Student: 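I have a structure I would like to understand better, so I am pasting it below and will then ask my questions one at a time.
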Amino acid sequence: MRKYPIEKYRNIGFIAHISAGKTTTTTCVLYYTGRVHKIGTLEKGTTPLDWMIQERERAMTIMAAATSCYWKVGKEEYQINIIDTPGHIDFTAEVQRSLRVLDGAIVVFDGSAGVQSQSETVWHQADQFSVPRLCFVNKMDKVGADFRMNLESIWQRLSPNAFPVQLPIGSEDRFEGLIDLLEMKALRFEGKEGEIKREFEIPKELEKEAREWREKLIERIVAEDEVLLEKYLAKEEISLDELRAGLRKATINCKIFPVFFGSLFKRIGVLPLLDGIVYYLPSPLDLPPVKGIDPKSGAQIERKPLDSEPFCALAFKIQTDPYVGTLTYFRVYSGYLKKGSYVLNTITGEKERIGRILKMHADEREEMEECFAGDILATVGLKNTSTGHTLCDEAHPIVLEKVTFPEPVISVRIEPKTKADQEKMMIALKKLSEEDPTFKIKLDQETGETIISGMGELHLEIITDRLKREFRVEGNLGKPQVAYKETIREVAEAEGKYIRQSGGRGQYGHVWLRVEPKKRGEGFEFIDQIKGGIIPQEFIPAVEKGVREAMEKGVIAGYPLVDLAVTLYDGSFHEVDSSEYAFKIAASIALQEACKKAKPVLLEPIMKLEVVCPQEFFGNVIGDLAAKRGKIEETKDRKNLKIILAKVPLAEMFGYATTLRSLTQGRGSFTMEFSHYQEVPENIAQEIIEGKRK
């Protein structure tokens with residue numbers, strides 16, 4: 001039996017820039033809802049959701065963790081399913097796949113810093129999935145924390161639709177409470193951990209400002225609701241419940257993003273945020289039905305979030321657990337399932353048995369007998385299910401939209417310390433790559449070495465640390481390598497012929513290909529323009545396969561080819577000797593020849609960099625970035641600090657943490673994330689090509 005009706009569910013996530021306070025906010029939420037009995041700290045490694053050794057050692061979230069808790073508003077109790085995500089850009093895949101299955105999100109900001117680079121990234125990821133959001137500005141007690149500065153930075157860099165539903169009382173070290181603009185009450189938080197909320201009259205000096213902000217808030221709410229707008233224009237009284245319902249509707253439609261304030265250090269603001277989650281974020285019923293494709297007909301179909309609908313779920317995360325094996329996290333979009341049932345994986349076409357259903361609390365597991373629409377749960381022992389696969393009722397197949405992930409930008413060679421570890425290492429790496437879609441393994445055919453690729457130096461450092469601790473495999477790492485790519489600048493055509501004659505049946509494949517450049521980031525497209533059967537239809541897939549395989553090794557320095565369209569427009573075949581193999585070889589010959597004529601160029605990953613440093617070191621930092629081929633895009637002042645926004649090639653940024661420390665006497669900090677690929681300057685391209693040939 002379902003414990004809570006689906007309208008009482010809230011599936012939410014906490015997303016933010018690193019060190020804004022996501023995990024501590026989640027921990028406070030779990031404490032106030034009675035899920036945990038003390039509020040741990042990241043520094044001491046006692047937060048309930050950061051359970052990995054690496055997370056506790058580094059005082060940072062690495063892996064998204066799921067949990068659930070219950071919260072009462074009035075007489076009604078609600079189930080809140082939570083996913084706490086990492087803030088570091090190297091683990092962006094965890095945020096991406098979590099947002100894919102969440103109904104709402106809380107974006108946490110550092111009150112003294114406003115919108116930071118990773119805040120922008122997670123906000124745009126949430127935009128991509130149209131996830132309704134609340135903003136929670138934490139650290140309002142810090143030096144430099146400012147109500148207006150935070151609002152303006154959200155309006156300028158994220159959305160003009162963010163609007164405060166609270167005003168802070170006091171600022172910096174005098175921050176002591178909040179004014180609720182809808183109820184027009186001042187709130188203070190007492191007790192050992194701020195668990196007692198007290199209501200007071202608004203201080204006289206803030207009354208006028210509070211009234212002005214309330215009036216603006218009401219105008220924003222009624223602008224999104226015709227019934228309320230009529231009442232407002234007729235100067236009729238609008239009740240608190242009507243205002244909340246109007247704000248809820250606008251929040252769910254992403255027309256307003258309510259902004260809350262607080263300080264986790266002073267335990268101010270989490271209780272009203274919990275109420276806000278219930279009041280303003282959607283239940284699964286408030287959102288449109290999930291859409292998918294019928295694998296048989298290709299038609300679009302949808303599933304409503306009801307237990308009576310056919311079962312349909314998305315596997316959004318794979319995790320290796322040393323005790324139970326492979327955990328598969330899934331979000332149920334429709335239907336009902338008992339443990340022991342069989343489901344169809346519509347991506348692989350295979351049936352999977354759901355032997356156990358687990359409700360997760362970080363690394364703790366609670367056995368469940370059944371699951372319902374709206375649940376976020378895990379199961380164990382699925383054979384061939386990966387991130388983004390759809391699990392559904394066999395009689396009613398559906399394919400849900402998959403999650404797309406960014407490509408790795410950094411590679412490193414790895415080898416086991418002993419020969420005995422060789423096989424163990426490959427098994428461990430395979431498990432880790434199944435778990436993390438942004439971690440890739442490749443075997444270098446020329447040298448026989450294993451190359452691992454990821455989103456950054458920290459990402460690969462964590463992977464090797466996990467190899468050592470979880471899988472008991474030690475590896476030697478080479479120097480980090482940039483994931484260069486190759487592309488073309490012009491249109492070109494070439495012929496590919498593969499003819500082999502031996503004693504018996506020969507081989508004959510003959511194609512003409514045209515290659516054309518595409519815009520950066522548009523990827524690869526294969527166009528079949530064969531008319532009149534000059535190449536039989538059964539050989540066309542072999543041509544495409546040959547092209548794709550040839551693209552793995554470019555024509556300048558052997559890096560993968562990207563962003564081009566390849567058209568097959570002519571060729572010939574032999575009645576007896578033609579084969580798929582011959583056409584595959586002919587296609588790869590033609591592609592390499594055409595690309596050589598099409599002015600090929602090297603591309604390198606460019607990173608978006610944000611540096612925060614004291615003013616006196618500003619000149620040194622700017623000079624160093626210029627020497628690293630960096631383009632300064634913007635500089636801003638924040639109290640006595642300088643913020644530098646720049647785009648810099650990844651190749652120049654290895655070991656930058658040490659460089660910045662020495663330039664700023666240890667007082668500078670930076671964050672970096674992938675931005676785009678661009679052409680490498682000719683002199684540097686020459687060095688890269690020569691280095692590769694050596």
Side-chain angles (χ1 to χ4, degrees), residues 52-55 57-58 60 62-64 86 88-94 96-97 317-320 322 326 386-388 404-486 551-554 557-560 562 603-605 607 649-651 653-657 672-674 677 688 691-692:
M52 287 173 73
I53 299 169
Q54 291 85 350
E55 292 177 315
E57 283 178 353
R58 289 170 171 80
M60 68 188 290
I62 290 166
M63 200 176 272
H88 198 288
I89 188 62
D90 283 15
F91 310 105
T92 187
E94 292 289 312
Q96 190 89 346
R97 57 180 165 197
K317 177 176 159 70
I318 308 294
Q319 185 181 310
T320 306
T326 303
S386 296
T387 299
T404 52
F405 297 102
E407 283 293 308
V409 294
I410 179 173
S411 303
V412 70
R413 295 176 190 278
I414 186 169
E415 58 180 32
K417 282 205 168 160
T418 65
K419 207 72 178 140
D421 279 346
Q422 178 75 46
E423 198 178 330
K424 266 168 73 182
M425 189 176 85
M426 287 315 292
I427 292 167
L429 288 173
K430 190 169 181 297
K431 280 186 177 173
L432 290 170
S433 73
E434 284 167 2
E435 188 179 295
D436 182 351
T438 57
F439 172 63
K440 302 270 167 70
I441 323 156
K442 197 173 103 182
L443 199 68
D444 189 320
Q445 299 295 341
E446 289 172 17
T447 61
E449 292 171 307
T450 304
I451 297 165
I452 56 173
S453 307
M455 298 307 295
E457 288 178 275
L458 179 66
H459 188 194
L460 296 182
E461 192 186 309
I462 297 290
I463 292 282
T464 47
D465 194 39
R466 288 187 64 192
L467 275 179
K468 188 172 158 184
R469 295 193 194 198
E470 288 174 36
F471 298 95
R472 306 277 184 269
V473 179
E474 296 235 14
N476 295 322
L477 289 180
K479 276 174 68 179
Q481 303 286 317
V482 178
Y484 292 106
K485 307 263 193 243
E486 296 181 20
M551 282 173 61
E552 288 297 311
K553 207 164 176 55
Y559 293 108
V562 293
L603 300 174
E604 65 179 341
M607 309 304 280
L650 173 64
M653 294 305 290
F654 293 127
Y656 187 62
M672 184 169 74
E673 61 182 281
F674 172 70
Y677 269 90
I688 295 165
K692 184 80 173 168

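All values derive from a computational prediction rather than experimental measurement. Just so it is clear, the values below take in all heavy atoms, side chains as well, and ignore hydrogens, waters and symmetry mates.
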Student: Of all residues at least two apart in sequence or in a different chain, which pass the side chain to side chain contact (heavy atoms under 4.5 Å, CB included) check with P416?
Tutor: D421, Q422, M425

Student: Above 12 or not: heavy atoms from other molecules or residues under 6.0 Å from NZ of K485?
Tutor: yes

Student: Distance check, rounded to the nearest 0.5 Å: M653 atom CE versus M607 atom CE?
Tutor: 8.5 Å

Student: Just do the side-chain contact (heavy atoms from CB on, under 4.5 Å) check on V562 and Y677 with the steps written out, would you?
Tutor: CA-CA 10 Å; V562 293; Y677 269 90; over 6 Å; no

Student: Without swapping roles, check the side chain of Q481 against the backbone of S411 for a donor-acceptor pair under 3.5 Å.
Tutor: no

Student: Please report the closest heavy-atom contact between T387 and E434, naming both atoms and the distance.
Tutor: OG1-O, 4.2 Å

Student: So does L650 get a backbone contact from the side chain of E604, meaning a donor-acceptor N/O pair under 3.5 Å?
Tutor: no

Student: If the test is side-chain contact (heavy atoms from CB on, under 4.5 Å), which one of I463, I451, L467 qualifies with I414?
Tutor: L467

Student: How many angstroms lie between atom CZ of R413 and atom CD1 of I452, to the nearest 0.5 angstrom?
Tutor: 11.5 Å

Student: Which atom pair, heavy atoms only, marks the closest approach of S453 to P408?
Tutor: CB-CB, 3.7 Å

Student: With rounding to the nearest 0.5 Å, note down the distance linking CG in L429 to CZ in F439.
Tutor: 5.0 Å

Student: Name the one of Q319, M455, R466, H459 that satisfies side-chain contact (heavy atoms from CB on, under 4.5 Å) with D436?
Tutor: H459

Student: Would you compute the distance between atom CD1 of I427 and atom CG of L432 and round it to the nearest 0.5 angstrom?
Tutor: 12.0 Å

Student: Do the charged groups of K431 and E435 touch, with an N to O distance under 4.0 Å?
Tutor: no

Student: So which atom in A651 and which in Y484 form the shortest heavy-atom distance, rounded to 0.1 Å?
Tutor: CB-OH, 3.6 Å

Student: Name the one of V482, I688, L603 that satisfies side-chain contact (heavy atoms from CB on, under 4.5 Å) with Y559?
Tutor: I688

Student: What heavy-atom pair brings I441 and S433 nearest, and what distance separates the two atoms?
Tutor: CD1-OG, 3.7 Å

Student: P437 and R97: which non-hydrogen atoms are nearest, and at how many Å?
Tutor: CD-NH1, 3.5 Å

Student: Taking T450's backbone N and O only, do any of them form a donor-acceptor pair with E415's side chain (distance below 3.5 Å, no angle check)?
Tutor: no

